[in-house]
Every structure is written in C-alpha cells, then in structure tokens.
J.: 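A single structure is presented below for examination.
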Amino acid sequence: MTFRVPRGTYDILPEEQTRWDLVTATGEKVARQFGYGRISTPLFEATDLFERGVGVDTDIVQKEMYTFEDHGGDSLTLRPEGTAGVCRAYIQHGMHNQPQPVRLYYMGAMFRYERPQAGRLRQHHQFGVEAIGDGSAQVDAEVIELALGFLSGIGMEGLTVKLNSIGDGDCRPAYLEALRDYFRPHAGGLSGVDRARLERSPLRLLDSKEAGTAELCAGAPHSVDFLDDQCLNHWNELLGYVEDLKLLYSDFKFQIDHRLVRGLDYYTRTVFEIHPPDVGAQSSVLSGGRYDGLIEELGGASTPGIGFGSGIERHILNLSRQESESCGGDAPEVVIIHLGRAATRACVLLAAQLRLRGVRTVLAPGRSMRGQLRYADSLSAGFALIIGQQELERGTASLKSLSDGKQTDVALDAERVAASLRA
RNA sequence: GUGGGCGUAGUGUAGUGGUUAACACGUCAGGUUGUGGCCCUGAAGAUCGAGGGUUCGAGUCCCUCCGCUCACCCCA
C-alpha cells in the first residue's frame, strides 16, 4: 500500500455517483421550488467566525476543527458547518437590503476532526438551507416543510420528526436554573462528565446517554413550560402549522421531544431533528433550528434566522439500507471499432464529430477486432460502429446493434451515423 | 480521547507450524483470414499490513506499532 485517502474521507467512485446525484439533485430541485437560491461560501473562514458563531464551549470548536495558520499568519478553519459562513455572507453583502427573509441553500463539504464510524466522517457533505430576516413561525414551518419535501423526494421512509422549543435569551436562564435545581440533588449519582455539564451547560444533560442520567431526565422540567409569552406564542403557532403538515406528510412520525437540545450554541426557540428508523449510531439525518441571535453575534444588526443542515452521506447510507436499486445510465451509445492506421485516423475524427452532435461515443482501444468488440460489450454499449479498410474505400461504415447483433451499412458521415443511432 | 472486531493479488475468499501461498470474479492476450456476450486456453497481478520474538521451520503462535471497521463521546 502506498497512498490511501486520509482517515475519515473517501472517494466517490463512478458507480456511486448516480445515487449521489439523486440526493443532491433532489435537494436543489426542492430548494428552488421553495424560492431558495444557491449560495456557495468558501471552504475555510476566519477561525473567529466559528468560535463566535458555533460557540467556544461546543465540542465542535473545542476539539473538532481543522484550524491552521496560513503564510500570512491568519488563523483559518475548514468549515465544520454551513450556517456561520452563510450568515457572514448575509452581513458582508448587505442582504438585509433585500426582501426579507433571504432564502438560501447550500451544498458542500464540511470538515470535523472526529473518529470515523458509520455515517460519521472527517469530510462529509451537507445540503442545508437558511431563511434569514424573518422571525415568524410561518418561516419555521416553511423550513420544516422543505425538509420533509426533500426527504420524501429522495425516497426516505419511516422517518421521525422531533421538535422542541428551547426559548431564547430572555426566558432560557430561568429554565436552566430549574434544570440545575432538579439535577443537583442527584449530582452524586451522575458521571463525571454529566456533573461538569450540570453547571456549565445543563441543557446537555438532557441528551446524555449515561444510563442513570437518562432515567432522571424523564422527570426533568420541560423547556416549553418556561417559555415567555413571545416564545410561547411562537411555539404554539408553529405547532398549529405542524398539525397541517402532518396531514400532508403522513409517512413521517412527528413527536415533541422535550429532551431535544442541540450541540451548537446559536439555537433559539425552535429546534428540530429528523431521525431514521434504525436506532443506529448516526442519530439524525437532518437537523436545524432557529438562531435569532447569531447575526448580531457575528457583528450584524439584530436579525432572526432559521435553517437546517442534512448529511448527504447519511442519506445515502439509509437509502442503500432501503435497497434502492442502483441504475447505471451512462453507457456509451456507440463504440467505434477501427482496423488499420488509416481507419484509426478517420475514426478519431468521426468520434469527435459524433460527440459534437451529443452522441456518447467511445473509441475502442487498438486491439484485434474481436478484442474491440469484447471491449464494446463490456461497456454495455448500444452499438458498435465498425470501420476498416473496406469501409474507407466504400465510404460506409457497419453499424452493429449489440443487443440483437443486426448489422447495417451507413454512410461514413457523422450526421448520417448520428441519425441512424437515434432511429 | 476510550473500547471491541478485523488486516492474504484490483475485489471477495481458502489456507491442521512444514516444499514453488490456492480459488472465484475482474484485467490483459489468444482460441487461423475483419464480428461481442457463453465456452476454452494462457498471462500478469501478493515482499500474506509493518517490525521484532519463539522455532530446525511462521500466512499460521507471542509482543509492539500502523491501518481499516464498529461503538462510546459528540454530531450531519
């Protein structure tokens, strides 16, 4: 073995591209249908952007970022998620001057230094959307609807939508205090990790998988019971919209999950995750929420926003579990078989002319005729076009159908050949 | 960072401590003059993950490291 892909990365080989294209094409189609425009931001940004956007205390910033100093001494970081960069672009390009909300989607690679496992990579790809500049619940519903449309579009089955509201900067402190009060009496029974969480970020206790903690969580106070009037109105309004969505997307299960919190600091009010049926390691395939404080935190005017990110590799993983058949649709229409030097010269030209006419054309390698036909067959080509000395002299070519073996003569002319292929 | 499983041609596998490491698929070349698939023949392709140790002898037993993989943490 010499070189391998770096750990946690992988090559997408031609055979896998069709499945990949299905996911990405569906994402783009659905996003456009909802009026979202594509944005592509750089793969790396100033390290500060992620530290402030994602949150210094998060695992992502603490131990998962690919950070490096460039030759000019700037600290840069390969993006670990998509929202921070999009918000930076929103501010930088004065998008608050556009009609609000600004609807954007993105598709691209994300980087996190993790130990790889199923559905977990160091470089993975996300399709995500952001709706920035409108804080109303109808936008929450729109983003969730877009997620449902996307997932059903790629053929995912048996998904569960989990939903929660974690309040905002005004009402969350009271909830955090209530959580601490609830857990403190049991602190002695908590693991070391969870005890640290108790003081620093009690929300995280809720999604702890430590056996004892999980049981305790059943009786823990619910964030929705601590929402202030505005947050509560927002939440109730959203729940109304969700009732309607349930009817339209009856394949999905919906549940309010009081223990749903997110690992990124910027979320406010609405948070949601969509989970596949198999309770596997890779928990959610799509997740997002509202981030009404993020733009301001990054130096813009106070601006609400909401979005989601979804892992393309996880979708593909789940799709193959559903045994969706892989279809290869780009076999060549014609393989040109050439015998002799003069014929080869003519065939190189003819191949170029056919390609200019949109025909998927492959020139066979310089082998025996039998070898070239075998080659055409191994590529699953539709036709073989045979050209040797005889054909050159007559000004014709033999067009052989590789499905039924029938052979006809056509004039040695790209236009005629293309027409025959399409007949 | 922690733990479990696994490392033999490109791929998938076989190989009671004992000669030249086997098979299938794939690749390439042939199977008379210019006609594919099936079939037949042949060839190339592996320092058995790496390094040490035990032994007359190691792909096989032991140790270390590396890699892959699954899981924990966390996440998409």
J.: Searching all strands shown, indicate the nucleotide that pairs with B:rC68 (Watson-Crick or G-U wobble; both distances under 3.5 Å).
T.: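 Partner of B:rC68: B:rG5.
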J.: Work out how far the C1' atom of B:rU41 is from that of B:rC48, and round it to whole angstrom.
T.: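 To the nearest whole Å, 29 Å.
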J.: It should be established whether A:Arg374 places a side-chain nitrogen or oxygen under 4.0 Å from OP1 or OP2 of nucleotide B:rG37.
T.: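 So the side-chain polar atoms of A:Arg374 do come within 4.0 Å of the phosphate oxygens OP1 or OP2 of B:rG37, strictly under.
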J.: With both distances kept under 3.5 Å, what pairs with B:rU32, Watson-Crick or G-U wobble?
T.: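 Pairing partner, where one exists within any strand: none, as none qualifies.
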J.: Measure CG/A:Leu373 against P/B:rG30 and give the value in whole Å, please.
T.: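 It is 14 Å, rounded to the nearest whole Å.
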J.: In whole Å, what separates the P atom of B:rG49 from that of B:rC6?
T.: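 About 14 Å, rounded to a whole number of Å.
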J.: Name the residue closer to the 5' end of RNA chain B, choosing between A:Gly371 and A:Gly388 according to the nucleotide with the nearest heavy atom.
T.: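 In this pair, the answer is A:Gly371.
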J.: For A:Glu391, answer base if it contacts any base atom (sugar-phosphate contacts may also be present), sugar-phosphate if it contacts only those atoms, and nothing otherwise; contact means non-hydrogen atoms under 4.0 Å.
T.: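 Since a base atom lies under 4.0 Å of A:Glu391, the category is base.
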J.: So which nucleotide does B:rA22 pair with, by the Watson-Crick or G-U wobble rule with both distances under 3.5 Å?
T.: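 WC or wobble partner is B:rU13.
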J.: To the side chain of A:Gln117, which of B:rG36, B:rG30, B:rC72 is closest?
T.: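 The answer is B:rC72.
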J.: Expressed in whole Å, how much space separates the C1' atoms belonging to B:rU16 and B:rG7?
T.: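 Between the two C1' atoms, the distance is 22 Å.
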J.: Is any NZ, NE, NH1 or NH2 atom of the basic residue among A:Glu273 and A:Lys162 found under 4.0 Å from an Asp or Glu carboxylate oxygen of the other?
T.: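 Result for this pair is no, no salt bridge flagged.
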J.: What interatomic distance, in whole Å, is found between P of B:rC28 and the corresponding atom of B:rC70?
T.: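 Between the two P atoms, the distance is 32 Å.
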J.: Mind checking if A:Leu286 touches a base, just sugar-phosphate, or nothing, with heavy atoms under 4.0 Å?
T.: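 Result for A:Leu286 = sugar-phosphate.
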J.: Is the terminal nitrogen or CZ of A:Arg172 (NZ for Lys, CZ for Arg) located under 6.0 angstrom from the six-membered ring centre of A:Phe226 and within 45° of that ring's axis?
T.: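 So A:Arg172 doesn't make the cation-pi contact.
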J.: Where the side chain of A:Arg4 is concerned, which of B:rC68, B:rU35, B:rG34 is the nearest nucleotide?
T.: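 Closest of the options to the side chain of A:Arg4: B:rC68.
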J.: Taking the minimum atom-to-atom distance to the side chain of A:Asp377, which one of B:rG3, B:rA76, B:rG37 wins?
T.: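 The nucleotide sitting nearest to the side chain is B:rG37.
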J.: Across the strands shown, which category fits A:Ile386 at heavy-atom distances under 4.0 angstrom: base, sugar-phosphate, nothing?
T.: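 Base: the residue A:Ile386, judged by heavy atoms under 4.0 Å, touches a nucleobase.
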J.: Once you round it to whole Å, what is the distance between P of B:rC68 and CZ of A:Arg122?
T.: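 After rounding, the reported distance stands at 8 Å.
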J.: Would you measure the distance from the C1' atom in B:rG5 across to the matching atom in B:rG51 and give it in whole Å?
T.: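 Pairwise C1' distance, B:rG5 against B:rG51, rounds to 23 Å.
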J.: Can you tell me how far C1' of B:rG67 sits from CZ of A:Phe3, to the nearest Å?
T.: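 So the two atoms are 15 Å apart, to the nearest Å.
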J.: Can you tell which of B:rG36, B:rA71, B:rA76 lies closest to the side chain of A:Gln126?
T.: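 Taking heavy atoms from C-beta onward, the closest nucleotide is B:rA76.
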J.: Ignoring hydrogens, what is the shortest heavy-atom contact between A:Gly289 and A:Tyr267? Give both atom names and the distance.
T.: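 Where A:Gly289 meets A:Tyr267 most closely, the heavy atoms are N-CE2, 3.2 Å.
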J.: Let me see the working for A:His275 and A:Thr160 under side-chain hydrogen bond (donor to acceptor under 3.5 Å, both in side chains), right down to the final yes or no.
T.: CA-CA 5 Å; A:His275 292 249; A:Thr160 302; over 6 Å; no
J.: When you get a sec, tell me which of B:rG30, B:rC72, B:rA76 is the closest nucleotide to the side chain of A:Arg314?
T.: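 Among the listed nucleotides, the one closest to the side chain of A:Arg314 is B:rA76.
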J.: Determine, for A:Asp140 against A:Arg290, whether the closest basic-nitrogen to carboxylate-oxygen distance falls under 4.0 angstrom.
T.: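 Here A:Asp140 pairs with A:Arg290 in a salt bridge, since their nearest N and O are under 4.0 Å apart.
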J.: Find which nucleotide of RNA chain B each of A:Tyr375 and A:His124 is nearest to by heavy atoms, and output the residue with the more 5' nucleotide.
T.: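 It is A:Tyr375, whose closest nucleotide lies nearer the 5' terminus.
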J.: Looking only at atom C1', what distance separates B:rG12 and B:rG26, rounded to whole Å?
T.: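 Each nucleotide's C1' atom is 11 Å from the other's.
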J.: With heavy atoms under 4.0 Å as the rule, sort A:Gly128 into base, sugar-phosphate or nothing.
T.: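 Counting heavy atoms under 4.0 Å across all strands, no contact is made by A:Gly128.
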J.: Round to the nearest Å and state the distance from A:Gln389 atom CD to B:rU33 atom P.
T.: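 These atoms are roughly 18 Å apart.
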J.: Going by modelled atom types, is there a donor-acceptor pair between the base of B:rG34 and the side chain of A:Arg370 at under 3.5 Å?
T.: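 In this structure, the two groups form no donor-acceptor pair.
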J.: Identify the nucleotide, in any strand shown, that forms a Watson-Crick or G-U wobble pair with B:rU55, with both distances under 3.5 Å; if there is none, say none.
T.: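 B:rU55 is unpaired by these criteria.
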J.: Tell me: CD of A:Glu114 to P of B:rC72, nearest whole Å?
T.: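 Atom-to-atom, A:Glu114 to B:rC72, this comes out as 12 Å.
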J.: Tell me if the aromatic rings of A:Tyr105 and A:Tyr36 count as close, with their centers under 6.0 Å from one another.
T.: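 Not under 6.0 Å, so no.
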J.: So, does A:Arg7 get its side chain near the phosphate of B:rC68, meaning an N or O under 4.0 Å from OP1 or OP2?
T.: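 Yes.
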J.: What is the distance, rounded to the nearest whole Å, between atom CD of A:Glu16 and atom P of B:rU11?
T.: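 Taking CD of A:Glu16 and P of B:rU11, I get 14 Å after rounding.
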J.: With both distances under 3.5 angstrom, what nucleotide forms a Watson-Crick or G-U wobble pair with B:rA43?
T.: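 Pairing partner, where one exists within any strand: B:rU27.
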J.: The side chain of A:Arg367 lies closest to which of these nucleotides: B:rC28, B:rC72, B:rG34?
T.: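 Given the options B:rC28, B:rC72, B:rG34, the side chain of A:Arg367 is closest to B:rC28.
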J.: Base, sugar-phosphate, or nothing for A:Gln407, non-hydrogen atoms under 4.0 angstrom?
T.: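 Contact class for A:Gln407: base.
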J.: Inspect the contact between A:Arg19 and A:Glu16 and indicate whether a charged nitrogen and a carboxylate oxygen are less than 4.0 angstrom apart.
T.: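 A:Arg19 and A:Glu16: not salt-bridged.
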J.: Please state how far atom NE2 in A:His315 lies from atom C1' in B:rA76, giving the value in whole angstrom units.
T.: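 These atoms are roughly 8 Å apart.
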J.: When you measure from the side chain of A:Gln390, which nucleotide among B:rG37, B:rG34, B:rA76 comes out closest?
T.: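 So the nucleotide nearest the side chain must be B:rG34.
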J.: Does A:Ser380 reach a base, just sugar-phosphate, or nothing at all? Heavy atoms under 4.0 Å.
T.: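 Nothing, no heavy atom under 4.0 Å.
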J.: Rounding to a whole Å, what distance do you find between A:Leu399:CG and B:rG36:P?
T.: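 To the nearest whole Å, that distance equals 17 Å.
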J.: So A:Tyr182 and A:His186, would you call those rings parallel, tilted or perpendicular, with 30° and 60° as cut-offs?
T.: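 Tilted.
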J.: Can you see if the side chain of A:Ser287 gets near the phosphate of B:rA76 - specifically, an N or O under 4.0 Å from OP1 or OP2?
T.: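 Yes, A:Ser287 has a side-chain N/O under 4.0 Å of OP1/OP2 on B:rA76.
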J.: How far, in whole Å, is B:rA71 from B:rU55 if one measures between their P atoms?
T.: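 The answer is 43 Å between these two P atoms.
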J.: Please measure how far the C1' atom in B:rA9 lies from the corresponding atom in B:rC65, and state the result in whole Å.
T.: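 These two C1' atoms come out 25 Å apart once rounded.
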